[in-house]
Number of protein chains: 2
Amino acid sequence: MIIIAATIKDVAKYAGLSIATISKYINGGNVREENKKRIEEAIKALDFRVNEIARGLKTNKTATVGVLIPSLENIFLTSIVSRIESILLEYGYSTIICDYRQDRELENLKFDFLMNKLVDGIILVPQNIDEDKIRKALEKDVPVILLDRSLKDIDCDAVLVDNLNAAYDAVELLFTKGHRRIGIISGPQDIYTARERLKGYLRIHNDYEIEIDDDLIKYGDYEIQSGMELMNSFLDMENPPTAVFVTNYEMTLGAVMALNSRNISVPDELSLIGFDNMQLANVVKPKLCIVVQPMQQIGEYSAHLLLKRMRGDKSGFPAMVRLKTEIVEGESIKALNVII
Amino acid sequence: MIIIAATIKDVAKYAGLSIATISKYINGGNVREENKKRIEEAIKALDFRVNEIARGLKTNKTATVGVLIPSLENIFLTSIVSRIESILLEYGYSTIICDYRQDRELENLKFDFLMNKLVDGIILVPQNIDEDKIRKALEKDVPVILLDRSLKDIDCDAVLVDNLNAAYDAVELLFTKGHRRIGIISGPQDIYTARERLKGYLRIHNDYEIEIDDDLIKYGDYEIQSGMELMNSFLDMENPPTAVFVTNYEMTLGAVMALNSRNISVPDELSLIGFDNMQLANVVKPKLCIVVQPMQQIGEYSAHLLLKRMRGDKSGFPAMVRLKTEIVEGESIKALNVII
DNA sequence: CCTCTATCGCGAAACGTTTAACATTATATT
DNA sequence: AATATAATGTTAAACGTTTCGCGATAGAGG
């Protein structure tokens, strides 16, 4: 047997009032105390729930937001998204999470899909998005918050991490421990975070007036495999670095794999500083030194910024929230007896 | 400037046809070739998109499904969900992913929330759900698919893994390598998978007629911390096991942590077989032997089963899809020179 | 050229809400 | 008690679709 849900009409009939009054009650308008009672009773008796679809049709709001990310299998992203989802829920919003699997086409397709679903707002980790789509969304009054990465050519709110100084600090830590030949396993240069992290690496070298050896800069694709390969190519160098900075989680994993498989002892033979994911840092032996991003905060800021925009508050647009990372020290960095 | 989207009415006016004809065209009805042309032109000119909300109001369908899982930070689940999301998208459905953070109350709350959002179907990894909620959903013709875990007292489609034989095979592998004292780090017994995996451990002991030492069965909570603690308690035993089977990913991670921190060499001093996550298995040295679940398949079966149900096809209800695991051998198991 | 039938197009109602604008009732003020 | 005012209630239209039932049209067969 299929049960048909009660409508506001049924409630009105049951309570002996008009539809408009019920609606007013539901939406917090003024209703006489006595009638409130009757309405409440009717609602309970009929197990009435507002039909969000019908409401959406009138109000042009769906109480739904879209979150578009490059991968659902990336714990950095999912822990942010988890926080976002839980905050939005508190405010009555549901979250449609889309994963574009690093695919340029899919990213654009799914953005359209979300817009077509009439979401009230979008949180996007952009990679190859057609920026016009974002402009159009904003014109249609659908706020968009960029997450983790920003875009140059567009005015759009963004919540991200100070990647440049994250890398700057990581490499500086290696400098202070006496390292001078520091390799970096960098990411794909079409990704914002990768560019920023590389910039940090370069800037700290400049600030310390240490010459940069181009051979110490390797470009990976943020995936495990390339972390492994590039670490191997460092190890194969005639004059290898004394320390390596790996710029994301997956490549850190790959780098550790390479080190393990070649029986390189860390930090005796090579010092290492990785990125993200405390869990990995703890399970690897010796405990890895890593750069940690404030995932919780990123989630909170972006959710609240989106809520604010959806409330119609456009103050401070475009807002750029730039959070700081932290270095969790492990035992993967050797203090060199180098006299500076 | 806020742009207002074109409606079917505008298209009708532009094409010089009635609303009904446009609707017929959109939904694949018969329309004269000439009119098709004009409609297509009008749609393109006005950039018309069907308003899914209005459609939903009429059709009582939202083209949205809910996925309710205990954690978004669990790569086993997110990789399944990723597959589900992408399949559903192909069929025009969007996926609302909710994470109940292992919380009983939240699980029930979010289930209601999804129902209230009028999703067309739900995929649920159940933990402490009030089974009546599922019954009510089914009565309202909202199909529910249980994922990874089943529920005893209710007729409901389910897609899961043969956890019992997964454990059975894992322990049997240890037996064939000569181990006889095998510890198990089991999960919380109120979780289906944990019970099943323990059953497998017990059954293989029975089948081999090997006596079970209760001290070798430890109960964790599927979290890293307990994996670490329980592994430590194994190592502290007077007569410790020669091999340990850890029954989920997080606890495997914890167990490895414990082994590393005490400098126990695997497999020389202790053999280990873990669960899930190839990545971990590869990064740990020596390469870990693990039980791997077919995440892709789980996602595919559950998505397709849900699609079938949403199509109204109730054949074979309640369906129980029970997929097989695989053991990926590593170097973490020592062949003992035990003469059987 | 007429009729029959199949095909296609149209008008209008319906889905379950919200919300102006107006109507009614209760309360306060004199 | 009469009026002014505030508080609460109601009617009806609107949101953008789908769909039923009917009318129009066109092509086929005679």
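Quick caveat, the model's predicted, so the values are computed rather than measured. Proteins get letters first, then strands, A, B, ... in listed order; numbering begins at 1 in each.
Less than 4.0 Å separates DNA chain D from at least one heavy atom of each of the following residues of residues 15-27 of chain B: B:Ile19, B:Ala20, B:Ser23, B:Asn27.
In this structure, A:Glu33 atom CD and C:dT27 atom P are separated by 13 Å, rounded to whole Å. Whole-Å rounding puts the A:Glu34 CD to C:dT25 P distance at 14 Å. Rounded to an integer number of Å, the gap from B:Lys13 NZ to C:dC10 P is 15 Å. For the pair B:Lys37 NZ and C:dG9 C1', the interatomic distance rounds to 19 Å; values are reported in whole Å. One atom, CG of A:Asn51, and another, P of D:dC15, lie 18 Å apart when rounded to the nearest Å. The distance between atom NZ of B:Lys117 and atom C1' of C:dT17, rounded to the nearest whole Å, is 15 Å. When rounded to the nearest whole Å, the span between CD1 of A:Ile53 and C1' of C:dT18 equals 15 Å. Rounded to an integer number of Å, the gap from NZ of B:Lys9 to C1' of D:dC15 is 9 Å.
Between A:Asn30 and D:dT8, a side-chain N or O to OP1/OP2 separation shorter than 4.0 Å is present. Residue B:Arg55 places at least one side-chain N or O under 4.0 Å from the OP1 or OP2 atom of D:dT18.
With hydrogens and angles ignored, the 3.5 Å screen pairs no side-chain donor or acceptor of A:Glu107 with any backbone N or O of A:Tyr100.
Between A:Asp99 and A:Leu77 the shortest side-chain heavy-atom distance does not fall below 4.5 Å. Here the side chains of B:Ile96 and B:Val65 are not in contact, with every heavy-atom distance at 4.5 Å or above.
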Chi angles and distances behind the side chain to side chain donor-acceptor pair (under 3.5 Å) call for B:Gln102, B:Tyr222: CA-CA 11 Å; B:Gln102 320 266 10; B:Tyr222 270 175; over 6 Å; no
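Here the OH atom belonging to A:Tyr14 is positioned 12.0 Å from the CD1 atom belonging to A:Ile43, to the nearest 0.5 angstrom. Taking CD of B:Gln296 as the start and OG of B:Ser82 as the end, the distance is 7.5 Å to the nearest 0.5 Å.
Comparing A:Leu57 and B:Arg32 against DNA chain D, the residue whose closest nucleotide sits nearer the 5' end is A:Leu57.
For the residue pair B:Glu40 and B:Tyr25, a side-chain donor N or O sits within less than 3.5 Å of a side-chain acceptor on the partner.
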